[in-house]
Amino acid sequence: MFGKKKHEMTDEELAEQTIANCRMSMMGIFQEQTQTEEITSDEEFMNGFFASPEYEAAFAAYAKRMGKM
């Protein structure tokens with residue numbers, strides 16, 4: 001299937017390939033979501049994150065942009 005160009009694929013093959021591509025994309029999204037949930041549930045990591053100068057600068061810039069400062 002990888003050797004064929006899209007215009008050489010049948011409608012059924014193209015539909016199967018599209019579904020496979022969507023499935024792979026969704027699996028990547030779910031994996032990233034799971035990793036994010038694991039990181040944010042780590043209290044030690046989050047405390048270090050909130051205390052970092054990078055977070056402070058980013059939060060201040062966001063607050064300024066939103067008119068909160």
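In what follows, residues are counted from 1 in the order of the sequence shown.
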### Query
What class does the angle between the rings of F49 and Y55 fall in, given that below 30° is parallel, 30 to 60° is tilted and above 60° is perpendicular?
tilted
### Query
CZ of R23 to CG of N21: how many Å apart, nearest 0.5 Å?
10.0 Å
### Query
In terms of hydrophobic clusters joined by side-chain contacts under 4.5 Å, are F45 and F50 together?
yes
#### Entry: Interatomic spacing from CD in E37 to CD in Q33 - rounded to 0.5 Å
4.5 Å
### Query
Between E13 and E8, which heavy-atom pair has the shortest distance, and what is it?
OE1-O, 4.4 Å
### Message
Counting only heavy atoms from other residues, nucleotides and ligands, does the tally under 6.0 Å from CG of D11 exceed 12?
### Response
no
### Task
Drop me the distance from T10's OG1 to E16's CD, to the nearest 0.5 angstrom.
7.0 Å
### Query
About how many Å separate CD of Q35 and OG1 of T40, when rounded to the nearest 0.5 Å?
11.5 Å
### Task
Look up atom CD1 in I19 and atom CD in Q17, then write down how far apart they are to the nearest 0.5 Å.
10.5 Å
